[in-house]
Enquirer: 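Below you will find the structure I want to go over with you.
Since we're looking at a predicted model, the values are computed, not measured.
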Amino acid sequence: MKNMKRWLALALCLAMVFSLAACGKDDGKPTADPNQTGNDPAVTDQPAAEQVYRQLYASEVTTFNYLYTGNTNDLQMSANTVDCLVEYDSYGVMIPSLAESWEANADNTEWTFHIRKGVKWVDYQGNEVADVTAHDWVTAAKYSNTAENEASNQYMYDGIVKNAQAYFNYTAYLLESDNGAKTVDEEGNEIKVVPEVKWEDVGVKATDDYTLVYTMEAPCAYFPSVLSYSSYMPVYEPFLTEQGKNFGAATGPDTILYNGAFLMSEFAPQDHRTLVKNPTYWDKDNVFIDRLELRYNSTAGTIGPEQFIRGEVDYAELDASLLTSWLTDDNTYNMVSSSRPNVSYSYFYVFNFEPRFDASLDPDNWTLAVNNENFRQSIMHALDRVGALAVQDPQNPESIVNNTVTPPTFVSGAGMDFTEYPALKAITDGDSFDADLALEYKAKAVEELTAAGCKFPVKVYMRYNPDTTNWDKECQVVEQQLENALGKDYIDVIVEAGPSTGFLGAVRRTGDFGLMKCNWGADYADPQTWTDPFSKTNTYNFMNQDASRSVGDVACDHKGAETQAIVEEYYRLVDAAKAITTDEAARYTAFAEAEAHLINHAIIVPYSISFTGYVATRLNAFEGEYAPYGLALQRYKYQHLLEEPMNMAKFTAENDKWQTERAAALEANK
């Protein structure tokens, strides 16, 4: 317990600002010593106990249709039941999965994949249905790129696979125009004719049953990293046709077929899900958990830790107030470990440039303020991220601070981490929190905004999802930080909960906030993936608003135009970076310049990487697949159940070992 005093002091300081969340499970243990050998029937004839992983969950899936959804919660099941062309080892090295091998042509405009023979599609009871063939990926691509299917994950083809977006646009036109019969929509607006694009023109082809060829819109060296995303999963066409709109319905386990490590043998909505090891799986020797028993409980967050102590679950998240009692109890001290920091997600604060909130919160005044760069800079430099992140990690909040949008270690180009490229290096090495500098920006903002007719204090409308553990407490900390650093005469931070259901649709996507923490998850191994939340049609901060519009009765052309000039330069930089396809170092340099441009002008405020907090677990996360994009981190393949819970000493040792071994593995696979 040598670190106990440090843990306890930190936990006690934060105990009053935390609330609880959790998930969990239980396992069996071998009945015979696996080190014994010989012909003793007591040893050789007695099978090892079934390895059962049990976990609670509080949020039910909405669909199993992996060709439609990009929702992380929905894809937890598909990640374990349907394999992709490629997968990853525990160090993040890409390895063969349903493609045994692959190669590209000289300029990376054509990628050929050789499909593993003998892999079977089976139903939820394990009955063989068909062979997995190259045609299954062609079927999947056509489904995702047909507008009628409304696939939310279709965007992963846009700009990547030749003519995929053009085909989608054409099918959308046919849908809107009733196959060309209508020339105006229901509101009387002209329906623009889109040139015909046939499916045969799209760059996805099965040249035979076991050879799959993708043709790119432009050279794409990172294309294999796209292939572990859900819209590139295969599907068996006769079954898809038979199911129709019912394909993937979250009503039972019989609406999809399986070729992955597990079968979903049972599913009862808001009751339980059961996954069992697939007996026909092509790589079953690397699946060590026999059964996953997942039970629904709307209060999973509050009952998980106690169930873990009783051996009823194998995973529970611990907040700071509970952490205190666990660290002072010899029975639970060695059940506590840190969770693994996750660079798959980046969190950042956004300023909303199109406020659509209630008039009582003075959206017109907010628009004046937010279009003033000195105002944004004052907020950015007053935010003490380490102090705010202590809500999540009371022991080491510095470890999850993220100075850039693209997290460090996410991707390297030409032997250099992306965040170390020239335009980003000073940002990476620095700290935006500077209370004195914040006051300097405040003084400039007050002078400029007063002249523009802005009223003080500016109401800063900050929203949170009450279902996200500790987000409310974090908002309270941020409110105190900003008002204490800048003064209540300057800003009035108003923290308000949004709905727990449909939060994104009701708050972020409608612009019903002023300042809010948002996140983005990477989709593939290239810096371009981190530009997506700031696209011209984004629903994160609406920064591409019309600069010439008026706000209420106040003309804000000057400050709006100034913001738009910054934004337009960002899009120019992004487009220039995207156009560089053969020189990796030049491409990364250009994307770094684009990202630095947004940060330096305080259009966004980088915040953190993802961190679950402190947990009780009987899994070693460092055994599982690893990749900071795609579905790797949601898979249970390669993982064993531990005899004893992971503790901090073991976690630290495993993490140190993993970091060393990963560096060697990545170096060996350059």
Enquirer: Taking the side chain as every heavy atom from C-beta outward, state whether R508 and T539 have any atom pair closer than 4.5 Å.
Expert: yes
Enquirer: Would you say T274 and R291 are linked by a side-chain donor-acceptor pair, where the criterion is simply a distance under 3.5 Å?
Expert: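 No donor-acceptor contact under 3.5 Å links the two side chains.
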Enquirer: Checking the side chain of S346 only, and the main-chain atoms of W520 only, is there a donor and an acceptor separated by less than 3.5 Å?
Expert: no
Enquirer: Check whether the side chains of E625 and Y638 place a donor and an acceptor atom closer than 3.5 Å, and report yes or no.
Expert: no
Enquirer: Would you say N246 and Q243 are linked by a side-chain donor-acceptor pair, where the criterion is simply a distance under 3.5 Å?
Expert: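 Side-chain D/A pair, Q243 to N246: present.
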Enquirer: Is there a side-chain contact between L631 and L75, using heavy atoms and a 4.5 Å cut-off?
Expert: yes
Enquirer: Search all heavy atoms of N541 against all heavy atoms of N538 and return the closest pair with its distance.
Expert: N-OD1, 2.8 Å
Enquirer: If you take all heavy atoms of P279 and L263, which pair is closest and at what distance?
Expert: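 Closest heavy-atom pair between P279 and L263: CD-CD1, 4.2 Å.
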Enquirer: Judged by atom type as modelled, is there a donor-acceptor pair below 3.5 Å linking the side chain of R463 to the main-chain atoms of D512?
Expert: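 Yes; judged by distance alone, with no hydrogens or angles, the pair exists.
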Enquirer: Assess the residue pair S500 and N465 against the criterion (side chain to side chain contact (heavy atoms under 4.5 Å, CB included)); give the C-alpha distance rounded to whole Å, side-chain angles, the decisive distance to 0.1 Å, and a yes or no.
Expert: CA-CA 6 Å; S500 58; N465 186 337; 4.1 Å; yes
Enquirer: If I compare all heavy atoms of Y66 with all of S78, which pair ends up nearest, and what's the gap?
Expert: CB-OG, 3.7 Å
Enquirer: Which atoms form the tightest heavy-atom contact between H640 and E623, and what is the distance?
Expert: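 Minimum heavy-atom contact is N-OE1, 2.9 Å.
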Enquirer: Using a 3.5 Å distance criterion without hydrogens, assess whether the side chain of R635 forms a donor-acceptor pair with backbone atoms of G624.
Expert: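 Checked: no pair found.
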Enquirer: Could you tell me whether the side chain of R273 and the main chain of E60 form a donor-acceptor pair under 3.5 Å?
Expert: no
Enquirer: Does OH belonging to Y68 count more than 12 external heavy atoms closer than 6.0 Å?
Expert: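 Atom OH in Y68 is not crowded, with 12 or fewer foreign heavy atoms closer than 6.0 Å.
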Enquirer: Can you name the closest pair of heavy atoms from M77 and L275 and give their distance?
Expert: SD-CD1, 3.6 Å
Enquirer: Between the main-chain N or O of Y91 and the side-chain N or O of R662, is there a donor-acceptor pair closer than 3.5 Å?
Expert: yes
Enquirer: Counting N and O atoms only, with roles assigned by atom type, does the side chain of N352 sit under 3.5 Å from a partner on the main chain of F513, one being a donor and the other an acceptor?
Expert: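 Indeed, once roles are kept as given, a pair shorter than 3.5 Å links the two residues.
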Enquirer: Which residues satisfy the side chain to side chain contact (heavy atoms under 4.5 Å, CB included) test with V287, sequence neighbours excluded?
Expert: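 A261, F262, K277, Y281, K637.
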Enquirer: Fit a plane to each ring of F622 and W658, take the angle between them on a 0 to 90° scale, and name the class: parallel (under 30°), tilted (30 to 60°) or perpendicular (over 60°).
Expert: tilted
Enquirer: Parallel, tilted or perpendicular for F410 and Y629, by the 30°/60° rule?
Expert: perpendicular
Enquirer: Any heavy-atom pair between the side chains of S338 and F611 that's under 4.5 Å?
Expert: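 In contact.
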Enquirer: Heavy-atom count check: over 12 atoms from other residues, nucleotides or ligands less than 6.0 Å from Y345 OH?
Expert: no
Enquirer: Does any donor atom in the side chain of D532 or Y155 lie under 3.5 Å from an acceptor atom in the other side chain?
Expert: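 Side chains of D532 and Y155: no pair found under 3.5 Å.
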Enquirer: For T72 and Q634, run side chain to side chain contact (heavy atoms under 4.5 Å, CB included): C-alpha distance rounded to whole Å, both residues' side-chain angles, the deciding distance at 0.1 Å, then the answer.
Expert: CA-CA 9 Å; T72 300; Q634 294 175 262; 3.7 Å; yes
Enquirer: Check step by step if side chain to side chain contact (heavy atoms under 4.5 Å, CB included) holds for Y607 and L383.
Expert: CA-CA 9 Å; Y607 187 62; L383 176 62; 4.2 Å; yes
Enquirer: Can you find a heavy atom in the side chain of E317 that is under 4.5 Å from one in the side chain of T612?
Expert: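 Heavy-atom side-chain distance check passes, below 4.5 Å.
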Enquirer: Compare every heavy atom of F348 with every heavy atom of P606, then report the nearest pair and how far apart it is.
Expert: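 Taking every non-hydrogen atom into account, CA-CB, 4.0 Å.
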Enquirer: Side-chain contact, heavy-atom cut-off 4.5 Å: D271 with E266?
Expert: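 Sidechains of E266 and D271: no contact.
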Enquirer: State, with a plain yes or no, whether a side-chain heavy atom of L67 is found less than 4.5 Å away from one of N149.
Expert: no
Enquirer: Taking only residues two or more places apart in sequence, or in another chain, which ones meet T428 in a side chain to side chain contact (heavy atoms under 4.5 Å, CB included)?
Expert: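 Listed in chain order: T404, T419, E420, L424.
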Enquirer: Are Y124 and F267 an aromatic pair by the rule of ring centers under 6.0 Å?
Expert: no
Enquirer: Can you list the residues that meet the side chain to side chain contact (heavy atoms under 4.5 Å, CB included) rule with N71, with sequence neighbours excluded?
Expert: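 Scan of N71 (side chain to side chain contact (heavy atoms under 4.5 Å, CB included), adjacent residues dropped) gives T69, N73, D74.
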Enquirer: Could you check whether E644 pairs with K650 (Lys NZ or Arg NE/NH1/NH2 to Asp/Glu carboxylate O, under 4.0 Å)?
Expert: no
Enquirer: Would Y232 and Y524 count as a close aromatic pair, with their ring centres under 6.0 Å?
Expert: no
Enquirer: Mind checking whether Y57 and Y296 have parallel, tilted or perpendicular rings, split at 30° and 60°?
Expert: perpendicular
Enquirer: Taking S610 for its side chain and N342 for its backbone only, find out whether a donor-acceptor pair lies under 3.5 Å.
Expert: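 Here the side-chain-to-backbone pair does not exist.
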